[in-house]
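If you read the sequence from its start, that first residue is 1, and numbering goes on from there. Remember, it's a predicted structure, so these values are computed and weren't measured experimentally.
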Amino acid sequence: MILKILNILKVRIRRIIQKWSSSINRAKFRSSNIQFGKEMNVIGKVYLDVHKESTVTIGDNFTFLSGMGLNPLCRNLRGSIRVRRNAILKIGNRVGMSSACIWVKKQIEIGNNVFIGGNVIMMDNDAHTLNWQIRRSDEMEDGLPVHASQAASAPIIIEDDVMIGANTIILKGTRIGARSVIGAGSVVTKSIPADCIAAGNPCRVIRQLTEKD
């Protein structure tokens with residue numbers, strides 16, 4: 001009986017903490033000039049670095065779980081959203097993700113009804129230039145080391161109803177077509193068409209989806 005009461009209290013306390021966390025995060029997102037819709041539910045501590053001259057919009061029913069053991073696949077890893085100057089991050093309605101890392105230098109767009117598995121990384125840039133001579137430089141540009149500011153970048157587009165497996169990495173200049181499924185642990189280096197299952201490193205189409213799937 002005592003154990004049952006303790007379990008009930010544990011669940012109630014957890015719900016209170018999650019509700020409090022979600023309220024704090026809404027205020028944090030709002031203060032970062034992020035526009036978001038109804039029923040946004042961001043639970044846990046999210047590393048947020050959004051430049052004031054960027055554009056970030058999030059639709060209705062957005063869910064982001066970050067750490068706190070909320071998703072067993074993520075353990076206690078925290079998610080992060082970093083959007084550089086003049087960059088665009090657009091997230092549609094009913095999008096869910098856990099401990100994701102979103103790094104935008106130019107543009108990332110996520111459609112509606114997209115499910116993103118634990119620890120997925122989306123980065124539309126190379127982080128560092130491939131030119132070794134520039135990487136040796138200690139010069140700064142636009143508030144960043146020159147080897148970072150001059151890194152190549154190209155938009156990422158994820159269309160509606162896509163599902164992305166845990167630990168996937170999505171790299172610059174790629175588009176994932178509507179309704180496609182990306183297998184866990186994939187590295188997406190080239191665009192994936194609609195209505196297919198794709199996986200691997202590099203990610204390739206395995207087969208087309210059918211009405212039975």
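By the side-chain contact (heavy atoms from CB on, under 4.5 Å) test, Met140 is found to be paired with Pro145, residues two or more places apart in sequence or in another chain being considered. Applying the side chain to side chain donor-acceptor pair (under 3.5 Å) test to Arg179 and every residue at least two apart in sequence or in another chain returns Asp195. Residues meeting the salt bridge (charged side-chain N to carboxylate O under 4.0 Å, His left out) test with Arg207, sequence neighbours left out: Asp213. Checked against salt bridge (charged side-chain N to carboxylate O under 4.0 Å, His left out), Arg82 has the following partners two or more places apart in sequence or in another chain: Asp49. A search for side chain to side chain donor-acceptor pair (under 3.5 Å) contacts involving Ser98 returns Asn71, not counting sequence neighbours. With sequence neighbours excluded, the residues satisfying side-chain contact (heavy atoms from CB on, under 4.5 Å) with Ser153 are Lys105, Lys106, Asp124, Asn125. When the salt bridge (charged side-chain N to carboxylate O under 4.0 Å, His left out) test is applied to Asp60, no partner is found at least two apart in sequence or on another chain. With sequence neighbours excluded, the residues forming a salt bridge (charged side-chain N to carboxylate O under 4.0 Å, His left out) with Glu53 are Arg85, listed by chain and number.
Side-chain atoms of Thr57 do not come within 3.5 Å of backbone N or O of Lys90 as any donor-acceptor pair. The backbone N or O of Lys45 lies less than 3.5 Å from a partner atom in the side chain of Ser66, making a donor-acceptor pair. A donor-acceptor pair is defined here as one N or O able to donate and one able to accept, closer than 3.5 Å; no such pair exists between the side chain of Thr174 and the backbone of Ile192. Using modelled atom types, one side-chain atom of Ser137 and one backbone atom of Glu139 make a donor-acceptor pair closer than 3.5 Å.
Annotation: the span from Ser21 atom OG to Lys28 atom NZ amounts to 9.5 Å, rounded to 0.5 Å. Here the NZ-CG distance, from Lys38 to Asn93, works out to 9.0 Å after rounding to the nearest 0.5 Å.
Within 6.0 Å of atom CZ in Arg204, 12 or fewer heavy atoms from other residues, nucleotides or ligands are found, so the atom counts as exposed in its surroundings. Residue Asn33 qualifies as open at atom CG: its count of foreign heavy atoms under 6.0 Å is 12 or below. The environment of Gln208 atom CD is dense: over 12 non-hydrogen atoms of other residues, nucleotides or ligands sit within 6.0 angstrom. Within 6.0 Å of the NZ atom in Lys190, the count of heavy atoms belonging to other residues, nucleotides or ligands does not exceed 12.
One side chain, Asn41 or Ser22, offers a donor N or O that lies under 3.5 Å from an acceptor on the other.
Cluster partners of Ile169, using a side-chain heavy-atom cutoff of under 4.5 Å among ILVMFWY residues and allowing indirect links, are Trp103, Ile121, Met123, Leu171, Val187.
In terms of hydrophobic clustering, with Ile, Leu, Val, Met, Phe, Trp and Tyr side chains grouped at heavy-atom distances under 4.5 Å, Val181 and Val188 are assigned to different clusters.
Ser186 and Gly200 get closest at one heavy-atom pair: OG-N, 3.1 Å.
Partner Gln150 forms a side-chain contact (heavy atoms from CB on, under 4.5 Å) with one of Leu130, Asp126, Ile134 and no other, that one being Ile134.
Under the 4.5 Å side-chain criterion, counting only non-hydrogen atoms from C-beta, Leu48 is in contact with Phe29.
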Derivation and outcome, side-chain contact (heavy atoms from CB on, under 4.5 Å), residues Met97 and Ile102 | CA-CA 11 Å; Met97 59 185 72; Ile102 304 175; 3.8 Å; yes
Run the side-chain contact (heavy atoms from CB on, under 4.5 Å) check on Thr63 and Asn61 step by step: do they pass?
-> CA-CA 6 Å; Thr63 300; Asn61 300 105; over 6 Å; no
Are Asn113 and Val95 close enough, and set up right, to give a side-chain contact (heavy atoms from CB on, under 4.5 Å), and what steps lead you there?
-> CA-CA 5 Å; Asn113 305 303; Val95 172; over 6 Å; no
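Residues in residues 157-168 take part in these side chain to side chain donor-acceptor pair (under 3.5 Å) pairs, two or more places apart or across chains: Asn119-Asn167, Glu159-Arg175. Contacts classified as ring-ring contact (aromatic ring centres under 6.0 Å, His included) and involving residues 122-178 (residues at least two apart or in different chains) are given here: His128-His147. Residue pairs meeting the ring-ring contact (aromatic ring centres under 6.0 Å, His included) criterion with at least one member in residues 34-66: none, sequence neighbours excluded.
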